[in-house]
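Working notes, beginning with the structure itself.
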Amino acid sequence: MDDANRMNAAQLNARFGLEAQLRFEANRDGMIFGVVDTPQCRGQFWLHGAHITSFQPQGHDELLFVSRDAIYRNDKAIRGGVPICFPWFGANPSAPDLPAHGWARTQPWTVHNTKQSEHSVEVELRLSQQPFEVTFRMEFSSALRLHLSVINKSAESQKFESALHSYFAISDIESIEITGLEAAPFLDQLTSTTHTGAGEAIRFNAETDRIYTAINDNPIAIVDPAAGRQIVVERSNSASVVVWNPWIDKSQRMGDFGDDEWKTMCCIETANIGAECIELPAGKSHCMTACHRADVV
Ligand code: BG6
């Protein structure tokens, strides 16, 4: 653990705060979060999990969904925002007792660097756990640009899966559609069946939990006419995209999620999963990026 990991909010502000544009605070339980407030956007992130819980570009509504029942606790992932799934996705295949979606989303990350420019605030958080060193760079601007960089610090090649598990705020799950994945084959996680590209935009009328193999970098959009916007997700070095909505029964089963909240959220996850996992030679690095923004429609 380095010094930055032990810093309280005042110490973080002295070393990494950026005047009015970035400040650190602690909640009642001492969990530290950063608040971004710039002419381009507002945002919030937690050192716990390097977890972003708010991004609101100037002139737009909040892009991210966070459950009103989310639990803020050191051993729990926050329900909503942008959890980081790493170094595995879903259940660990060889050790099912380990936490789902890996350890990154429930670890304390350290602040490595912050900087401001005319149009953005950048924050770099870091987490080292053998055999990996992981750096998450968040660029808060009119768009939210995310860079998840992984270095293999060991002497052998290492495999990992990763996902930026973004929960987006929408007007109504039954009136939106998702474009950009029309040609992508997918694994339906609910039935364990594989499907070829459906050839049409995704619409929702039931629980949906799919891993798309999307090896091209075409933008994906949540088209939301009732909200007067589309949310655009651009990716690089990401060969998988997860589309998830828990619908009614699963919402009731999740203790940290409101029974009716399935209506106003949808996850589009920038990922490398399963056959698309990354095999990283010793000493090498890999960087997956995602960019989230809103366009008026
Ligand atoms: C999605 C998975 O990425 O995350 C779903 O595809 C899972 O299967 C969902 O239910 C939420 O996972 P968790 O561990 O945050 O409850």
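Given the structure is predicted, the values throughout are model-derived calculations rather than measurements. All ligand and atom numbering here is 1-based and tracks the order in the structure.
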Please report which non-hydrogen protein atom sits nearest to atom 12 (O) of ligand 1, along with the residue it belongs to and the distance in Å to one decimal place.
His101 NE2, 3.4 Å
Ligand 1 to Lys250, heavy atom cutoff 4.0 Å, flagged ligand atoms 10 (O)
For Arg105, the ligand 1 atoms with a heavy-atom partner under 4.0 Å come out as 13 (P), 14 (O), 15 (O)
Any heavy atom of Met254 closer to ligand 1 than 4.0 angstrom?
no
With heavy atoms and a 4.0 Å threshold, my read on which part of Lys76 contacts ligand 1 is neither
Phe168/His292 under ring pair (Phe, Tyr, Trp, His ring centres under 6.0 Å): CA gap, chis, key distance, verdict
CA-CA 10 Å; Phe168 292 106; His292 302 339; 4.9 Å; yes
Which atoms of ligand 1 have any heavy atom of His165 under 4.0 Å away?
1 (C), 3 (O), 4 (O), 9 (C), 11 (C)
Can you list the ligand 1 atoms lying under 4.0 Å from a non-hydrogen atom of Glu269?
1 (C), 3 (O)
Answer with yes or no whether the side chains of His286 and Ser149 bring together a donor and an acceptor at under 3.5 Å.
no
Give the atoms of ligand 1, by number and element, whose distance to some non-hydrogen atom of Asp209 is under 4.0 Å.
2 (C), 5 (C), 6 (O), 8 (O)
Please list, in number order, the atoms of ligand 1 under 4.0 Å from a heavy atom of Arg79.
11 (C), 13 (P), 15 (O), 16 (O)
Polar contacts were defined as any N/O atom of the residue lying under 3.5 Å from an N/O atom of the ligand; does this apply to Tyr167 and ligand 1?
no
Would Phe89 and Ser162 count as a side chain to side chain contact (heavy atoms under 4.5 Å, CB included) here? Give the steps.
CA-CA 6 Å; Phe89 179 85; Ser162 58; over 6 Å; no
Answer yes or no: are there more than 12 heavy-atom neighbours, outside Glu118 itself, under 6.0 Å from its atom CD?
no
Do Thr110 and His112 get their side chains close enough for a donor-acceptor pair, meaning under 3.5 Å?
no
Do Asp209 and Gln189 get their side chains close enough for a donor-acceptor pair, meaning under 3.5 Å?
yes
Could you check Ser67 against Asp69 for side chain to side chain donor-acceptor pair (under 3.5 Å), going step by step and ending with a plain yes or no?
CA-CA 5 Å; Ser67 173; Asp69 295 339; 4.8 Å; no
